[in-house]
Structure formats: C-alpha cells, structure tokens
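A, B, ... follow the sequence lines: proteins, then strands. Residue 1 opens every chain.
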Number of protein chains: 2
Amino acid sequence: MMLTIGKLAGAARVKVPTIRYYEQIGLLPQPERSAGNQRLYDRAMLDRLAFIRHARDLGFPIEAIRDLLSLSDGPDQPCAAADSIAKIQLADVEARIARLVALKAELERMLAQCAGGCIADCRVIEVLGDHSLCTGEHRLQDAAPVM
Amino acid sequence: MMLTIGKLAGAARVKVPTIRYYEQIGLLPQPERSAGNQRLYDRAMLDRLAFIRHARDLGFPIEAIRDLLSLSDGPDQPCAAADSIAKIQLADVEARIARLVALKAELERMLAQCAGGCIADCRVIEVLGDHSLCTGEHRLQDAAPVM
DNA sequence: CTTGAAGCTATAGTTGCTAGAGACATTAGC
DNA sequence: GCTAATGTCTCTAGCAACTATAGCTTCAAG
C-alpha cells in the first residue's frame, strides 16, 4: 500500500516540502509516481525517512546522515565507520552543552544584577558591553559557535 | 584616533566582512570615510561592536541585539525591557541544554550497544531508524530545533 | 616609486529548510 | 456526475548570520 507525500509526511512527522527537499539533495531516492505525476511512497521509504528525521533530531548534519545511510545500504562493512560518526557527534554535543551551561551562568548573573532598576544602572546592558566582566572560569572562547 | 576596519576587527575580534555586514543590516551606523573612501571608526564604535559581539557570543539573535542597542541609546526608560529580553534568552538556553542532555544520553546508549561489532548487529543504525526506542523520559519533541 | 597588503563594492554561496505563485490531481459531499 | 475544497506539482525566492569570491582602488613600508 502506497502513501502520497502528505500521508508520508504525517507518518514521519516531517513537513511535505522537507521531503521534496531531501529528494532534491539525494537523501531520499526518487519515488514512483502515480498516473497523475504524484509521488508514491512505500514502507521502506517511511523507514528511511524516519531514520533521517531521528538523526536530524539528534543533531547529525545532513552529510553525516548521508554517510550513515550509505553504510546501512550495504551492511557488510565494519561498524567502525558508523561508530566514529556517532562518536564525533557525541563529542560535539558535549561541547555544546558545556558552552551553553557557561552561557546560562552568565545570563543568570546578568539578570541577578539587573533586578528591576532603570537602564542607567542596568547591568544587562553594561555587562554585555564589557567582556572582561565575565567570570574567568566560564570565559567564552573565540569564534566557537554556540550551537 | 581613528581605526580602519581591519584594526577595528582585530580589536573587537570580529571578522572584517562581518563588520560590513552589520553595517549593511543597520546594526552599526555608517562610519566616517577617509579621503580614499575607507571606513574610519572611533572608540564609541568599538564599544558598540564589542557589545554586539558579546551578545552574539551569548546567543542573542540579531533582532534582540537591535532592541538592546536601541534601549542603551536612550537609557532613561525602565530596565524591564532589557531584562525581559535576557530572560527570554535564558529560557531558550535552558531548553537547548535539556534537549542536548537527552541527545547525549541517546548517543551514549547507541555507542554502548554498538561496541565494535559489525553493521549487521550495529545498533547505531537500528536505533536511529526507530524513534520508539528512545527512553520515554527524554523523548525528543516535535519540531523543536536542537540548537 | 614601487610593491604588496589592506580596503572597496557587488554578488553568490553556505545549511537546512520554509514560503509563495500558479497550475494540475484527487477526493468528498450533494 | 458535478463541483468545491483540498492536495500536489514545479519553480523560485527567502530566512539567519554570515563567508567567500572577483576585480578593482588605496595606502604604508622600503
């Protein structure tokens, strides 16, 4: 039994244009078409899309997912490759968490100092203007992206 | 004493094209120009750019920074506005942290189950394919962005 | 006075989608 | 069977927040 794109989108909790986008970048293969040129998907396609969605949820970039998919398409290679992709992701996630925790501390400090005065003595503005007021311990590094 | 764009970039630890970009989107005012049409910045501009950079480091979106800047340009209003911008930012950061912690747990679980086998029994692929294997407690919600 | 670095404008690319226009297909109600 | 309301099609453009390129001009050092 075949699904139209809207049903597939609903089943995988992905938006319709996102599916077409994944097809466009080659993450999903081109599906069958109905007589009226509409895309028709089968169960395998739903699985593949669920895989992609889940990996995206986990923060994997598209290119990593492409690698994972090519691994799972030919499942007789060693696991090491999939493993190392996941390890890289884990390290990245840990780094993001560390950075966000430092950031949270600084925001809380700002808010505590502000506590309802007027802008003339509002620390939010002041603290943002002077990086040297940051606690050295949680110093945010150069151009490392927050995400 | 005036700074050329390169010196300003160095002093604020922001890249040169980024400064021109900020000018283009109206976050920085158009600076004076030299006889040869090169941008010249003063100390006030450096302060403003430092403010922007720091706020970006803290994860404030550009529009929030625009609001904060307009507040600090007229510092006799109540602090509540700046305060609430920071509070929204804090809530956002906390949400990101929660999501990333759930994500980290799942990646660790995946890696523990994989532990050097072959893809035939590699859980990385399998877990990614089936969202229902996620621990219910940390279930990742719908379309909430990871970042 | 020359050469190489730094500056200028303008445009296009990045990532991962999302939104719109205008035309065709399908389905539900009557 | 017919009509109206969705759903789907392609194509293009837009979002954040920059980054990179091309081809030119200006400036500072030797």
Side-chain angles (χ1 to χ4, degrees), chain A residues 1-28 30-41 45 49 51-69 89 92 96 142-147, chain B residues 1-28 30-41 45 49 51-69 89 92 96 142-147:
Chain A
M1 129 275 199
M2 302 303 253
L3 302 168
T4 59
I5 198 168
K7 310 289 181 193
L8 180 70
R13 299 217 234 145
V14 165
K15 288 181 187 153
V16 168
T18 304
I19 295 172
R20 290 197 276 248
Y21 169 72
Y22 286 160
E23 181 184 326
Q24 191 192 313
I25 63 171
L27 213 54
L28 288 175
Q30 301 197 332
E32 292 177 59
R33 298 289 183 127
S34 72
N37 198 36
Q38 300 195 346
R39 290 169 179 82
L40 293 178
Y41 298 95
M45 209 66 135
L49 183 55
F51 179 104
I52 294 169
R53 187 203 120 107
H54 194 182
R56 289 292 301 132
D57 273 351
L58 289 173
F60 287 81
I62 295 279
E63 288 315 305
I65 295 171
R66 204 187 289 277
D67 291 347
L68 286 169
L69 282 169
Q89 282 298 315
D92 187 62
R96 288 190 209 180
D142 282 53
V146 175
M147 321 184 306
Chain B
M1 130 274 200
M2 304 302 253
L3 302 167
T4 58
I5 198 169
K7 311 290 180 192
L8 179 70
R13 298 217 233 148
V14 166
K15 288 184 188 148
V16 168
T18 303
I19 295 173
R20 291 197 275 246
Y21 169 72
Y22 286 159
E23 181 184 325
Q24 190 192 315
I25 64 170
L27 211 55
L28 288 176
Q30 302 198 331
E32 295 178 56
R33 297 289 184 126
S34 72
N37 198 37
Q38 300 195 344
R39 291 169 178 82
L40 292 178
Y41 298 95
M45 208 66 134
L49 183 55
F51 179 105
I52 295 168
R53 187 203 120 108
H54 193 185
R56 288 293 300 130
D57 273 352
L58 288 173
F60 287 81
I62 294 279
E63 288 317 304
I65 295 172
R66 205 187 290 278
D67 291 347
L68 287 170
L69 281 169
Q89 189 59 29
D92 188 63
R96 289 190 212 179
D142 281 53
V146 175
M147 323 183 307

Q. Whole Å only: how far is the OH atom of B/Y41 from the C1' atom of C/dC8?
A. 11 Å
Q | Between P of D/dA28 and NZ of B/K7, the distance in whole Å | A | 9 Å
**Q.** Residue B/I62, side-chain atoms from C-beta onward, closest of D/dT8, C/dC17, D/dC18
**A.** D/dC18
Q) A/A35 or A/T18: which one's nearest nucleotide on DNA chain C is closer to the 5' end? A) A/T18
Q: Return the value, rounded to whole Å, for the distance between atom CG of A/L3 and atom P of D/dT8.
A: 11 Å
Q) Of the candidate nucleotides C/dG7, C/dC17, D/dT19, which contains the atom at the shortest distance from the side chain of A/Y22? A) C/dC17
Q: Would you mind telling me which of C/dC17, D/dC9, C/dT9 lies closest to the side-chain atoms of A/I5?
A: D/dC9
**Q.** Distance in angstrom units between A/L49 CG and C/dC17 P, rounded
**A.** 11 Å
Q) Would you call B/R33 and B/R39 a side-chain contact if the rule is heavy atoms closer than 4.5 Å? A) yes
Q | Taking every non-hydrogen atom, the tightest pair across B/A12 and B/L49 | A | CB-CD2, 3.6 Å
Q) Any side-chain N or O of A/T4 under 4.0 Å from OP1/OP2 of D/dG7? A) no
Q. What integer distance in Å separates A/E23:CD from D/dC9:C1'?
A. 11 Å
(Q) Under a 4.0 Å threshold between the charged nitrogen and the carboxylate oxygen, would A/E23 count as salt-bridged to A/R20? (A) no
Q.
Need to verify one output field. Residue with the more 5' nearest nucleotide on DNA chain D, B/S34 or B/E63?
A. B/E63
Q: Measure from CZ on B/R20 to C1' on C/dT11 and round the result to the nearest Å.
A: 14 Å
Q. So do B/I62 and B/R56 actually touch side chain to side chain, heavy atoms under 4.5 Å?
A. yes
Q. A/I25 has an atom CD1; how far is it from atom C1' of C/dC17, in whole Å?
A. 9 Å
Q: Please tell me which of the listed nucleotides, D/dC27, C/dT9, C/dC17, lies nearest to the side chain of B/R39?
A: C/dT9
**Q.** B/R33 side chain, from C-beta outward: closest of D/dT26, C/dT9, D/dT19
**A.** C/dT9
Q | d(CD, B/Q38; P, D/dC27) in whole Å | A | 5 Å
Q. A/K15 side chain N/O closer than 4.0 Å to the phosphate oxygens (OP1, OP2) of C/dT18?
A. yes
Q. Between C/dC17, C/dC8, D/dA17, which nucleotide has the shortest distance from any of its atoms to the side chain of A/R56?
A. C/dC17
Q) Do A/V14 and A/I52 touch side chain to side chain, with heavy atoms closer than 4.5 Å? A) no
Q | Nucleotide nearest B/V16 (side chain, heavy atoms from C-beta), chosen from D/dT8, C/dG7, D/dA17 | A | C/dG7
